[in-house]
Number of protein chains: 2
Amino acid sequence: MTFSTAIAASTPESVATAAIRRLSALTPLAQPDLAMLARAADDARTYPVRHSFLTLGRPVAEPLLVLQGWAARVRVLPDGRRQFMSFYLPGEVIGATHHAMPIASATVVALTECVVCPAPAAAPGSALAQAYAIGAALDEAYLLGHVVQLGRLNAQERIGDFLLEIYERLSLAGLTVGGSFEMPLTQEMLADALGLTPVHVNRMIQQARRDGELMWKSGRVLLRDPERTARTIGRFSPQVTAVPIVPDSDA
Amino acid sequence: MTFSTAIAASTPESVATAAIRRLSALTPLAQPDLAMLARAADDARTYPVRHSFLTLGRPVAEPLLVLQGWAARVRVLPDGRRQFMSFYLPGEVIGATHHAMPIASATVVALTECVVCPAPAAAPGSALAQAYAIGAALDEAYLLGHVVQLGRLNAQERIGDFLLEIYERLSLAGLTVGGSFEMPLTQEMLADALGLTPVHVNRMIQQARRDGELMWKSGRVLLRDPERTARTIGRFSPQVTAVPIVPDSDA
DNA sequence: CGCTACTTTGATAGTGCTCAACCGGTGTGG
DNA sequence: CCACACCGGTTGAGCACTATCAAAGTAGCG
């Protein structure tokens, strides 16, 4: 209940506002879907940092919709090296097992305090089902982007690319304010996402600051010129709008 | 028709043998499914090296079952840097779009001459559907493994891990002979998969040879002691058998 | 025989890592 | 109210791993 109060305190917002905003951004949702989500949010539960939502090799329970907070898929090597493989932000679904694989292929832990609720089952063909599908596709696109990032970008580019991706993702949920956003990760966590050392992450961030690329103070990041940064990295942004939204007849 | 002749020439083998063997290894297939596969293989087509099965941002056509050869998902940065994100080996499916995303999130190219056929649609609940589902889960597990590899393994470990993974995957298709297997990738391609330089890949391979870890001659690799190598890297192998299968009669 | 593609080798530079210490804010207990 | 501990961020020195550039060696193929 530390920094999340800033969001939860403002009046007409429910705990599910950001998540609903993101899903609506993927596909405009109709009333029944919104009602389902509101109802599901009544079962919201709060989990502390380091809580494991899923454990590698253990069965997957129901899919969870993240309402607030950050979670991540992580793998820890026997010698202690750690790698974050992907992140779950508000409006994203943990354990959306499109394929009927009952076994978790990775551990999912809470990076911050997290509020989650059961992801309501979408009626086949509904807008919510569409939103889930797009979400799953984005998931994979982010993962592919992560591979490129780790394989072919240098430290500075990785940091820029990562922040741009987070910026885009949080924007979908309405969690950015004028190019700035909450970044609850420590530099050590960032290092574990980017395949770097905490010390080196620190140095590269400082250089980016000196170069006027970003501001980063007390858990909040401001990207000075996202477009320019994206261009210099050659960042590829998965386009949500790539899906033709044909309202009348679809799958 | 270069090295693949070694496989295709032997008599009772069809062009689909390896693929069928892999799918059967994922889940024992019954007669109707096998018949479907055999029929689909009649529509097999051969594509040359560098053929694009899918192109980033373009619509996805029908899913394709790889019968022979290797393909890969690739991303090329504006400045020419290249990264392979995942591979498709015989028995694996290109464009298995579990989520209804009509747009390709990556380009898929043939790394060798490839024989592919349309992946026959599986009846819901059939063994083939189950095989596809397990295949999709493995796909994701390999991708997650790739992230860890690029993020937290050094050059030698990456090479070892990669070869072990390929060894396991080819084993499912029956394409290994006593710990050795065809490895059609050039060292440059390997570098693009592992996020390294061709020169450095070459040096690390030579060191692995000197250390007695492997033999590598004219496109064929022999791992001397896979278990030991796996242990020293701390490799995590996704378990196919995690899915309950009735034990008494298998392939 | 000469091409082309791939592998190998050498020398040198640079990016990122390791180790170690210090700084600053925050929470806790005396 | 201050001492202390703790966590995360910051800094420095030195080193290791990997990249870069350039060239030579090798094998298949027309």
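In what follows, chains are A, B, ... by sequence order, proteins preceding strands, each numbered from 1.
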So which of A:Arg75, A:Gln187, A:Arg82 actually passes side-chain hydrogen bond (donor to acceptor under 3.5 Å, both in side chains) with A:Asp192?
A:Arg82
According to a strict under-4.0 Å criterion, is B:Arg209 in side-chain N/O contact with OP1 or OP2 of C:dT8?
yes
Sugar-phosphate only, base, or nothing, as touched by A:Ile205 at under 4.0 Å among non-hydrogen atoms
nothing
What is the distance from CG of B:Leu153 to P of D:dT18, rounded to the nearest Å?
11 Å
Taking CZ in B:Arg58 as the centre, count heavy atoms belonging to other residues, nucleotides or ligands within less than 6.0 Å. Is the count above 12?
no
Heavy atoms under 4.0 Å, any strand shown: does A:Gly219 hit a base, just sugar-phosphate, or nothing?
nothing
So, is the end of the A:Arg169 side chain (NZ or CZ) under 6.0 Å from the ring centre of A:Tyr142 and within 45° of the ring's axis?
yes
Please check the phosphate of D:dT18 (OP1 and OP2 only) for any side-chain N or O of B:Gln156 closer than 4.0 Å.
no
d(CZ, A:Arg158; P, C:dG16) in whole Å
7 Å
Could you check whether B:Arg152 gets within reach of a base, just the sugar-phosphate, or nothing at all, counting any heavy atom under 4.0 Å?
nothing
Would you compute the distance between atom CG of A:Leu194 and atom CE of A:Met189 and round it to the nearest 0.5 angstrom?
13.0 Å
Without hydrogens or angle criteria, can the side chains of B:Thr46 and B:Glu113 be said to hold a donor-acceptor pair below 3.5 Å?
no
Please report, rounded to the nearest Å, how far the P atom of D:dT10 is from the CE atom of A:Met204.
13 Å
Remember a base hit wins even if backbone is also touched, and classify A:Thr186 as base, sugar-phosphate or nothing at under 4.0 Å, heavy atoms.
sugar-phosphate
Provide, to the nearest angstrom, the distance between the CZ atom belonging to B:Arg81 and the C1' atom belonging to D:dT20.
14 Å
Salt bridge present between B:Glu157 and A:Arg81 (N-O < 4.0 angstrom)
yes
Tabulate atom names and distances for all N/O pairs under 3.5 angstrom spanning the protein and nucleotides 11-17 of chain D.
residue	atom	partner	partner atom	Å
D:dT11	OP2	A:Gln206	OE1	2.1
D:dT11	OP2	A:Gln206	NE2	3.2
D:dG12	N7	A:Arg203	NH2	2.3
D:dG12	O6	A:Arg203	NH2	3.3

Separation of atom CH2 in B:Trp216 from atom C1' in D:dA27, rounded to whole Å
17 Å
How long is the line joining CD of B:Glu157 and P of C:dC17, in whole Å?
14 Å
Whole Å only: how far is the CD atom of A:Glu188 from the C1' atom of C:dC17?
15 Å
With a 4.0 Å cut-off on N to O distance, would you call B:Arg235 and B:Glu168 a salt bridge?
yes
Separation of D:dC7 P from A:Leu185 CG (nearest whole Å):
18 Å
